[in-house]
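Since this is a predicted model, take the numbers as computed values, not measurements. When reading the values below, keep in mind they use all heavy atoms of this one structure, side chains included, and skip hydrogens, waters and symmetry mates.
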There are 2 protein chains.
Amino acid sequence: MYKFAGKKNNYMNIQCDKCVIRELNSLHSISSEEMNSVTKNKTTLHIKRGEVIFSEGSSLKGVYCLRNGKCKLTKLAPNGKEQIVRFIKKGELVGHRSVISNSVAHLTVTALEEMDVCFIPKLEILELFRTNSDFSMEITKSLAEDLDEANTSIANMAQKNVRERLAESLLFFEKIFGIDNEGFISVNLTREEIANAIGTATESTIRLLSEFKKEGYITLAGKKIKLKDKVKLKHLTEGY
Amino acid sequence: MYKFAGKKNNYMNIQCDKCVIRELNSLHSISSEEMNSVTKNKTTLHIKRGEVIFSEGSSLKGVYCLRNGKCKLTKLAPNGKEQIVRFIKKGELVGHRSVISNSVAHLTVTALEEMDVCFIPKLEILELFRTNSDFSMEITKSLAEDLDEANTSIANMAQKNVRERLAESLLFFEKIFGIDNEGFISVNLTREEIANAIGTATESTIRLLSEFKKEGYITLAGKKIKLKDKVKLKHLTEGY
DNA sequence: ATTAAAAACTGATAAATATCATATTTTGTA
DNA sequence: TACAAAATATGATATTTATCAGTTTTTAAT
């Protein structure tokens, strides 16, 4: 079962205006006065791989700003399988959808590695949204972008086969997570998690990865994956 | 190829505050003064089945408010097939995503039947967004809702098989479009369109509809569909 | 009312994918 | 370091779904 992230300590309550990731999300549009208020009211959490930041059905008391690390957003299907709907990394906000629409969380957010996350109370966010139209515009734009990506995802799921989706995902993983100094994709995903993202059986994912390796498009080292022939992978995403 | 809706006539330039659908979308939160401005600047279009309101890649000069009728939102996949991402009906807005994020349209909107559509210029909408925080909140909430539905759709596409998705879609069609006086679902969709919505081959859709009929869950009369056993269909969506 | 085009339908077959069973490897931790 | 648990891997088989080819029915335009 889930391990919940419980350690709410303020030991790292860095001022937001000194935070490196500030520029990366909607918070970049707030004034220094507003920033001070956020700094005062936020708390910082340290979270380990596999821990849940919040889960589907829970009611959120604020939004989370990711200082570093990566996580997955999942949805539980009626068959009990978890669908990974999206990946999120350093600099992004989570929970703003629930806070804005004043509803329960519809996704579960789970850390894929150690991460530091700042919790900003609901009131703080709603007040910013109401009084700072740059901020509300930013939040709205970010939802609009998410919606657009989700629509693309629907089309991919519906129109592409598993092989095409896997190729697509590998390129996507490298693009958003980058590579380590040996050239491997910088994210720690199990085969099952990859399967849950592309919507297939774990065995199919494993088999296709082996095929991609055999055909020379990727290198596998344990669970680490290196892309060797991105041009070919790009072609594979469109089925040739 | 597409037939574009070109007839921009003002013959039906009804005042927005008298419009029946006003209560149904984000515009319900605007003042009567603001409403007057919208009335003055909007134009009304009459559109026939199959005509395109706007298409993927085009840059929008405003948003469209659906006075009546139904339409489909589609996305062109690289394989040339069209994916229906969503259905929209009377009372809803389209194009606000593009206008808010100041980007090109990422979807094509096509009428499924005769419809009247009001066009509201971009400036009008952006001004409302900037100055009326109730309106911006409504727009944002509606994007948040769309996003949530899109995520559910991703999970359904990924986790459910074609039979389950078809059962789900039939129930969904009846729910959002209602039924006529003989009990048939009130929307005119070809088998191909249904297939494009659930992400399968047209033949598979036809075959499964025949099976559902043979098994007594639905009635078919031409392209019209009546749901006979909704409890069973509900069970089918979860695979039993 | 006639007729051409589009849509719906059906069957046969191929291809893709899931499932089950089991072996091997890796990982985390005592 | 050892060992149990988890993850990865592979083969055999069943199931689902797509594709192709053709027929019938419906629709819309003249």
Side-chain angles (χ1 to χ4, degrees), chain A residues 1 3 48-51 77 79-83 112-114 156-169 184 187-214 218-225 236-237 239-240, chain B residues 1-3 48-51 77 79-83 112-114 156-167 169 184 187-214 218-225 236-237 239-240:
Chain A
M1 249 321 31
K3 291 178 250 171
K48 289 199 291 255
R49 174 170 164 93
E51 284 186 333
N79 62 8
K81 279 193 194 163
E82 82 168 28
Q83 175 62 35
L112 291 170
E113 54 189 48
E114 294 229 345
N156 282 339
M157 288 292 180
Q159 304 283 353
K160 296 190 173 178
N161 64 29
V162 176
R163 192 178 171 85
E164 289 160 1
R165 298 209 296 277
L166 179 59
E168 179 117 0
S169 290
F184 290 98
V187 66
N188 182 0
L189 293 173
T190 65
R191 302 293 192 252
E192 188 181 4
E193 283 170 325
I194 297 174
N196 289 344
I198 67 183
T200 190
T202 306
E203 296 94 324
S204 299
T205 299
I206 291 171
R207 241 182 278 275
L208 284 169
L209 283 173
S210 301
E211 285 181 34
F212 283 4
K213 178 187 177 182
K214 198 173 300 170
I218 64 173
T219 305
L220 298 176
K223 57 170 45 172
K224 291 192 298 175
I225 302 172
L236 278 181
T237 64
Y240 58 98
Chain B
M1 239 348 358
Y2 292 142
K3 293 177 250 171
K48 290 200 291 256
R49 172 167 167 97
E51 284 186 335
N79 62 6
K81 280 195 195 164
E82 81 167 29
Q83 175 62 36
L112 291 170
E113 55 187 49
E114 295 228 345
N156 282 339
M157 289 292 181
Q159 303 283 352
K160 296 188 173 180
N161 65 27
V162 176
R163 191 179 173 84
E164 289 159 1
R165 299 209 295 277
L166 179 59
S169 290
F184 290 97
V187 67
N188 182 0
L189 293 174
T190 64
R191 302 291 192 255
E192 188 182 4
E193 283 171 326
I194 297 175
N196 289 343
I198 67 182
T200 190
T202 305
E203 297 93 324
S204 300
T205 299
I206 290 170
R207 242 182 277 275
L208 283 169
L209 283 172
S210 301
E211 285 181 32
F212 283 5
K213 178 188 177 181
K214 197 174 299 169
I218 64 174
T219 306
L220 296 176
K223 57 170 46 172
K224 291 192 299 175
I225 301 171
L236 279 181
T237 65
Y240 57 99

Query raised in the report: Rounded to whole angstroms, how far apart are CG on A:Asn161 and C1' on D:dT19?
Result: 14 Å
Requested in this report: Report which part of the nucleic acid A:Thr202 touches: base, sugar-phosphate, or nothing (heavy-atom distance under 4.0 Å, all strands).
Outcome: nothing
Report summary line: salt bridge (charged side-chain N to carboxylate O under 4.0 Å, His left out) with A:Glu193: of A:Lys223, A:Arg49, A:Lys81, only one passes, and it is A:Arg49
Report task. May I ask you to decide if B:Ile206's main-chain N or O and B:Ser210's side chain share a donor-acceptor pair within less than 3.5 Å? Result -> yes
**Report entry** 5' precedence on DNA chain C between B:Ile206 and A:Gly199 (nearest-nucleotide basis)
**Finding:** B:Ile206
Report task. Would you mind reading off the distance between A:Arg49 atom CZ and D:dA7 atom P, rounded to a whole angstrom? Result -> 9 Å
Requested in this report: Measure the distance from CZ on A:Arg163 to C1' on C:dA18 and round it to the nearest whole Å.
Outcome: 17 Å
Report task. Determine: side-chain N/O of A:Thr190 to OP1/OP2 of D:dA6, distance under 4.0 Å, yes or no. Result -> no
**Report entry** Nearest-nucleotide pick for B:Lys81, side chain only, options being D:dT10, D:dT19, C:dC9
**Finding:** D:dT19
Query raised in the report: Can you tell if the side chain of A:Val162 reaches within under 4.5 Å of the side chain of A:Ile198, non-hydrogen atoms only?
Result: yes
Query - Rounded interatomic separation in angstrom, taking NZ from A:Lys224 and C1' from D:dA7 - result: 17 Å
Report task. Would you please confirm or rule out a distance under 4.0 Å between OP1 or OP2 of C:dA18 and any side-chain N or O of A:Ser204? Result -> yes
Report task. Look at the side-chain N and O atoms of A:Ser210 and state whether any lies under 4.0 Å from the OP1 or OP2 oxygen of D:dT10. Result -> yes
Query raised in the report: OP1 or OP2 of D:dA9 sitting under 4.0 Å from any side-chain N/O of A:Arg207?
Result: no
Requested in this report: Begin with the C-alpha distance, continue with both residues' side-chain angles, and end with the deciding distance and a verdict on side-chain hydrogen bond (donor to acceptor under 3.5 Å, both in side chains) for A:Gln83 and A:Asn196.
Outcome: CA-CA 5 Å; A:Gln83 175 62 35; A:Asn196 289 344; over 6 Å; no
Report summary line: Testing D:dT17, D:dT8, C:dA7 for proximity to the side chain of B:Val162, the answer is D:dT17
Query raised in the report: Do B:Gln159 and A:Asn79 have side chains that get closer than 4.5 Å, going by heavy atoms?
Result: yes
Query raised in the report: Between D:dT8 atom P and A:Asn188 atom CG, what is the distance in whole Å?
Result: 9 Å
Query raised in the report: A:Ala201 side chain: which of D:dA9, D:dA18, C:dT19 is closest?
Result: C:dT19
